[in-house]
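What follows is a set of notes on a single structure, which appears directly below.
Computed from heavy atoms alone, side chains included, the values below leave out hydrogens, waters and symmetry copies. Order of the sequence lines sets the chain letters (A, B, ...), proteins ahead of strands, with each chain counted from 1.
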2 protein chains.
Amino acid sequence: MSDFAALWSELEPIGRAEDGGYHRLAWTGADLECRRWFRARAERLGLLLDEDPNGNQWAWWGEPSPGGVVTGSHLDSVPGGGAFDGPLGVVSAFLALERLRAGGRPSRPVAVVNFADEEGGRFGVATLGSRLLTGSIDPGRAAALTDAAGVTLADAWRANGLDPARAGADPERLARIGTSVDLHVEQGRRLVDVGVPVGVATAVWPHGRWRYELSGRGDHAGTTRLADRSDPVLPLAHTVLAARAAAEEAGAVATVGRIAVHPGAVNAIASRATAWLDARAPDESVVRSVVAEVTASAEAAAGLHGVGVSVAEESWSGGATFGSELRGRLAGVVGGRLGSVAELPTGAGHDAAVLAAAGVPAAMLFVRNPTGTSHDPAESATVEDCLAGVDALTAVLGDLLS
Amino acid sequence: MSDFAALWSELEPIGRAEDGGYHRLAWTGADLECRRWFRARAERLGLLLDEDPNGNQWAWWGEPSPGGVVTGSHLDSVPGGGAFDGPLGVVSAFLALERLRAGGRPSRPVAVVNFADEEGGRFGVATLGSRLLTGSIDPGRAAALTDAAGVTLADAWRANGLDPARAGADPERLARIGTSVDLHVEQGRRLVDVGVPVGVATAVWPHGRWRYELSGRGDHAGTTRLADRSDPVLPLAHTVLAARAAAEEAGAVATVGRIAVHPGAVNAIASRATAWLDARAPDESVVRSVVAEVTASAEAAAGLHGVGVSVAEESWSGGATFGSELRGRLAGVVGGRLGSVAELPTGAGHDAAVLAAAGVPAAMLFVRNPTGTSHDPAESATVEDCLAGVDALTAVLGDLLS
């Protein structure tokens, strides 16, 4: 078994459902098990473990000080996600560090990072660990977020020994990241199309999440005349279709992947229906215009059905273009090491984009994904490509530390 | 406090949520507490308690034998239902029996009944207790029904001391019901419009429940091009709108009050989406044509989006016209007692319709509901009208026993 396969097999069973989907929502049992794995791995390599007040885990080689090199990703997942989204970057980072250590002490401190709650699959806001670290989200707002069961993030923090009063911007730890390079499985088919195993990210699209709450009047499904109804499920359906139409028109992507209907009885008209909209595009103005159009459609349909509507922006990520200097350096090193490299943008959000937006020199490597699928059990990567990713990351870190 | 208010206050807190909605799903803690209340009430009145293999509870005054008179309703609720739907009939039945007992032994045995699992809020099929009793559902099919958590009805039965092998048609107990008269809160505004507190049911509309399963392909909401998607939420939205349009066109009612989207991540395209359709009309052929039209629309939309669709009929209730002789007798007695009475059909399903379809002489009384709302916390009835209902039921039972 390769060192990659050995390490991978340690994480593989954690939080995996029967259909192969992973359920490692932030601060749940499976996520905590992944965090224990991170701790044990840091200890085995003799790295200095630092768990910060925002829940991020750092494993430092060399005393942490300003201007270090940081690599890693996250270990949480969306509900029913794939195996690679996140863990591939953390595992690759540990392996790259192990290889570099054969060459003696680094010129700068280097860390593997596991950013907390990257997916937002439980509390609704993605990249929370890096947003809190960089001060790009108010820690009070984050602490008050609730999961589907009504548990607040503050509760989840406290249950795991974190003090909500200490969460928030952490300039000292942020300054330790002189350069950030994260590796991630590609969440599309670009590298398949161009036939190379590893790519360099050019940009992360701006994107956000909006919650559409439609409030009607619950009633009996058999005895209430159609004309007397205020059924919120009808404008919800219009909202779903409007999102697709607006995105198509604008060259954006828009998705409703989560819906809640209350009380959810088959023989009762719902009193409340909620749809969550995820919208992304190369430009912020395009995203904003799509959301404005969806909102107008939701309001028009709600009006027709006597239903109230409120729209809340649950999260906004401004997107980022990764600095061309660092990006060019990575492309040169990876191309030199593997013989070929591709450059590509992504519609997915990443902690690297949060860091870049906060002024940290950041870059990303992508590893080819044969299905192109992500956030689903079908997400995949071959062992050969994963090893190419580790090679590329090792070479990039070696270059940055040289 | 009236005897009605005293009895009502015993049931009132059981399974009530903060918003006033009741959660007494079959065989859950709140339902079991209601069943214990029924037992205690039967004991306090010195009635003979009989819990049958289908989970129905009977409290007999007089040794049960063929041709008795049965009155009652159910104590379970939809999720977030009102206080009156079911319990008003059981409480009124106990009070009527108490009053009649002052007059000595009955000419025929009389029972208060609590039919198990009337709403189908947990396992998806309504009026299960009476369907099993009358043999109008296969007990093996019923036992295999599952709730949202994957618990089978057989599991729930066993947990409560019932043997799934003993469930099913029970001709002996069925023969004990010589006449059935159930009282129920009205689930509409007819009695408000005509200004009388109590009405007599003419008919129950035929109705059913259908499950539309749409199977697509899960993927990342940010990185998957619109053209590459198989998003099942889009045909689900079309199905919801088609149901409303088809019902409007046909003079029927159709409702989607429950939706499930899997895996339900904001940043993932769903892999599966399910909508439950409730459809009702005065005639079976109209219901069938509405469902056929919704199915055709679901299939067309699914085809456009590369999504698979399957439709399952979860339950079907053929509807019933209550016998005009018994109905006329009730109207005469109630009109004589209260000075006025109304006759009205209903779109709601009831155990009385299952009994009527099985050849049992059955009838129903309705008590005025000022909001007209049901299956929602807004469902209501004044104490005066509830007492008028008890008066009417007492008079009707007295007449049947004379």
Side-chain angles (χ1 to χ4, degrees), chain A residues 21 78-81 119-121 124 126 187-188 205 207 209 217-226 228 231 233-234 236-238 240-241 244 247-248 253 255-259 261-271 273 276 278 280 314 346-349 372-378, chain B residues 21 78-81 119-121 124 126 187-188 205 207 209 217-226 228 231 233-234 236-238 240-241 244 247-248 253 255-259 261-271 273 276 278 280 314 346-349 372-378:
Chain A
V78 295
E119 295 288 3
Q187 301 174 295
W205 283 11
H207 60 277
R209 299 177 181 192
R217 193 177 60 247
D219 213 328
H220 194 292
T223 59
T224 316
R225 294 186 311 164
L226 296 181
D228 293 338
D231 182 347
V233 175
L234 297 165
L236 177 124
H238 283 289
V240 165
L241 298 177
R244 170 67 168 232
E248 240 162 35
V253 291
T255 310
V256 174
R258 184 176 169 197
I259 287 174
V261 175
H262 179 86
V266 178
N267 54 353
I269 299 161
S271 57
W276 281 263
D278 178 300
R280 317 185 186 214
E314 287 205 333
T346 178
T373 294
S374 189
H375 288 185
D376 184 87
Chain B
V78 296
E119 295 289 3
Q187 301 174 295
W205 284 9
H207 60 277
R209 300 178 180 190
R217 194 177 58 248
D219 213 329
H220 194 292
T223 59
T224 315
R225 295 186 310 163
L226 295 181
D228 293 338
D231 182 347
V233 175
L234 298 165
L236 177 124
H238 283 288
V240 165
L241 298 176
R244 171 66 168 232
E248 241 162 34
V253 292
T255 310
V256 174
R258 182 175 170 198
I259 287 174
V261 175
H262 179 85
V266 179
N267 54 355
I269 299 160
S271 58
W276 282 263
D278 179 300
R280 315 186 188 214
E314 287 204 334
T346 178
T373 293
S374 189
H375 288 184
D376 185 87

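Residue A:Ala247 touches chain B through both its backbone and its side chain, counting heavy-atom pairs closer than 4.5 Å. Using a 4.5 Å cut-off between heavy atoms, B:Thr224 contacts chain A through its backbone alone, with no side-chain atom that close. Residue B:Arg258 touches chain A through both its backbone and its side chain, counting heavy-atom pairs closer than 4.5 Å. Interface residue B:Ala348: backbone and side-chain heavy atoms are both found under 4.5 Å from chain A. Heavy-atom distances place no part of A:Glu314 under 4.5 Å from chain B, backbone and side chain included.
Of all the listed residues (B:Arg225, B:Glu119, B:His207), the one sharing the greatest number of non-hydrogen pairs under 4.5 Å with chain A is B:Glu119. Interface summary for chain A: among B:His262, B:Glu248, B:His238, the most heavy-atom pairs under 4.5 angstrom belong to B:His238. Ranking B:Gly80, B:Gly347, B:Pro377 against chain A, the residue ahead of the rest is B:Gly347, based on heavy-atom pairs under 4.5 Å. Across B:Asp231, B:Leu226, B:Leu236, the residue that shares the most heavy-atom pairs under 4.5 angstrom with chain A is B:Leu226.
Between the B:Asp376 side chain and the B:Gly81 main chain, no donor and acceptor come within less than 3.5 Å of each other.
No side-chain donor-acceptor contact under 3.5 Å links B:Thr223 and A:Gln187.
Under the side-chain contact (heavy atoms from CB on, under 4.5 Å) criterion, A:Ala265 pairs with A:Asn267, A:Ala268, B:Val78, B:Pro79, sequence neighbours left out.
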